[in-house]
Amino acid sequence: MLRLLVLICLCFTAIAAFFNSFALAGVITCSNIVPLRYRNDKISITDFGGVGDGRTLNTKAFQEAIYRIQHLRRRGGALLYIPPGVYLTESFNLTSHMTLYLARGAVIKATQDTLNWPLIAPLPSYGRGRELPGARYMSFIHGNGVRDVVITGENGTIDGQGDVWWNMWRQKTLRFTRPNLVEFVNSRNIIISNVIFQNSPFWNIHPVYCSNVVVRYATILAPRDSPNTDGIDPDSSSNVCIEDSYISTGDDLVAVKSGWDEYGIAYGRHSSGITIRRLTGSSPFAGIAVGSETSGGVENVIAEHINLYNMGIGIHIKTNVGRGGFIKNITVSDVYMENARKGIKLSGDVGDHPDDKFNPIALPVVKGIRIKNVWGVKVQQAGLIQGLRNSPFSEICLSDINLRGETGPRSPPWKCSDVSGAARQVSPWPCSELATSHQTGSCSSYF
Ligand SMILES: *[C@@H]1O[C@H](CO)[C@@H](O)[C@H](O)[C@H]1NC(C)=O
Ligand SMILES: *[C@@H]1O[C@H](CO)[C@@H](O)[C@H](O)[C@H]1NC(C)=O
Ligand SMILES: *[C@@H]1O[C@H](CO)[C@@H](O)[C@H](O)[C@H]1NC(C)=O
């Protein structure tokens, strides 16, 4: 009898596993974007004098460990293990073919010594620091011209201790642009997974001029009132895949960018092939954003299965006069938002320039924006679309959108200008420019 039961149990387990593998196969993931490497060589930060007492400065230990990986004679790179403990350090550079592995309970913590923080050159597509002219502070963890880099582990923490920086911003005593928490410049084949990022001084994760970047199972946290703590900003980069992550910060959760005004136009490096899926979060600004720095152009973006709570704006496509560039072929679908100031906003003139040398007739082109399957409750204003008179937004296609107001079943109506496209099953009805176009025209292939 017992044997039979065991047999039946085993059989059921096998069947369940069989169906499970099907279910798993059905879920689309980022896993084919970057080949996963197994590292035979493993070293620990403690081998290089690292002390996880929260007080000892471990800059030298990180530099020496990474120097060792950089000068390995064998192929395949190495894994740098960070055991449980709090490792205080100054900013440091990563190298190619390395895995930074944070054990459960491991914290890599940024020093708050802002006076000795290294400066680096501004990005060519920005022409200056994003906040202030001139140089900018190097990101806490930095990779320039690297490839095959993994930051992962058992959900250890990278802590930027950003409050000193936020206070300098509030008191207007910053001398240069604040550091990002993690930045990759001119790099490829990067994976960031199973890590908690918290209290970034500025943007959290900034891949710029990169290709093939995966961010998954990441948690990104910063106080709601922390200034400019964007979650993930793919910038002039291609094949970036972000999935299964939770972001709650003081600024946009994900913002796709490509440089700023005359500098971004001259550098001319666009962002394309950006996927964002299964993201949950909360922010006083935008959930899914494109812009506003889009001077190199942004195209081929898909964002889907997004859950947003207590938001400023659910979906925000933003650019500016003088930006030039383009925003094309953007699809945002399957979004749930609860408690938002605005549901959907497309704006052509958000302001903000690096200097007064921008070309006022460099107008952005915004074309082919599809937003579908959006359900919102407690949305104060459903939608706002402000195109540019001399460069109207076109092929703006909205379908199956239901945004409910705070009290009644409907939010106040949409407001639009300088836009064309079509809408289908959108409640409240969007502005006449979209709602009255019964022949769906350029949207027909999409509807
Ligand atoms: C880290 O990288 C930056 C940018 O490439 C460089 O300017 C800096 O000298 C590097 N720092 C160290 C300690 O190697
Ligand atoms: C780490 O966190 C992710 C969620 O972001 C979770 O799916 C995963 O199971 C956690 N991993 C470990 C080892 O706890
Ligand atoms: C639009 O973007 C998607 C996602 O990247 C891509 O698959 C598709 O081919 C693009 N369409 C055009 C017409 O470029």
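All ligand and atom numbering here is 1-based and tracks the order in the structure.
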*Asks:* Which atom names give the shortest non-hydrogen contact between Pro354 and Asp261, and what distance separates them?
*Replies:* CD-OD2, 3.2 Å
*Asks:* Purely on distance, is any nitrogen or oxygen of Glu154 under 3.5 Å from one on ligand 2?
*Replies:* no
*Asks:* In chain order, what residues pass the side chain to side chain donor-acceptor pair (under 3.5 Å) check against Asn186, with sequence neighbours excluded?
*Replies:* none
*Asks:* Treating Ser258 as the side-chain partner and Gly297 as the backbone partner, does any N or O pair qualify as donor plus acceptor under 3.5 Å?
*Replies:* yes
*Asks:* Using a 4.0 Å cutoff against the non-hydrogen atoms of Asn155, which atoms of ligand 2 qualify?
*Replies:* 1 (C), 2 (O), 3 (C), 8 (C), 10 (C), 11 (N), 12 (C), 14 (O)
*Asks:* With a cut-off of 4.0 Å, which atoms of ligand 1 are near a heavy atom of Asn144?
*Replies:* 4 (C), 5 (O)
*Asks:* Could you list the atoms of ligand 1 found under 4.0 angstrom from a heavy atom of Gln63?
*Replies:* 13 (C)
*Asks:* In ligand 2, which numbered atoms sit nearer than 4.0 Å to a non-hydrogen atom of Tyr217?
*Replies:* 5 (O), 7 (O)
*Asks:* Would you check whether Asn93 has a nitrogen or oxygen atom less than 3.5 angstrom from a nitrogen or oxygen atom of ligand 1?
*Replies:* yes
*Asks:* Looking only at heavy atoms, what is the nearest atom pair of Ile45 and Pro83, with distance?
*Replies:* CG2-CD, 3.7 Å
*Asks:* Identify which one of Arg269, Arg130, Lys318 satisfies the salt bridge (Lys or Arg N to Asp or Glu O under 4.0 Å) criterion when paired with Glu293.
*Replies:* Arg130
*Asks:* For ligand 3, what are the residues with a heavy-atom contact below 4.0 Å?
*Replies:* Asn300, Ile302, Asn329
*Asks:* Distance-only, no hydrogens or angles: does the Thr59 side chain make a donor-acceptor pair with backbone N or O of Glu90 under 3.5 Å?
*Replies:* yes
*Asks:* For Asn329, does its backbone N or O pair with a side-chain atom of Arg370 as donor and acceptor, under 3.5 Å?
*Replies:* no
*Asks:* Can you name the atoms of ligand 2, numbered from 1 with element, that are less than 4.0 Å from a heavy atom of Asn194?
*Replies:* 1 (C), 8 (C), 10 (C), 11 (N)
*Asks:* So, Arg323 side chain and Phe326 main chain: donor-acceptor pair closer than 3.5 Å or not?
*Replies:* no
*Asks:* Name all residues meeting the ring pair (Phe, Tyr, Trp, His ring centres under 6.0 Å) criterion together with Tyr217; count only those two or more places apart in sequence or in a different chain, and write none if there are none.
*Replies:* none
*Asks:* Sequence neighbours excluded, which residues qualify as salt bridge (Lys or Arg N to Asp or Glu O under 4.0 Å) partners of Asp418?
*Replies:* none
*Asks:* List every atom of ligand 2 that sits less than 4.0 Å from any heavy atom of Arg104, numbering the atoms from 1 in the order shown and giving each element.
*Replies:* 12 (C), 13 (C), 14 (O)
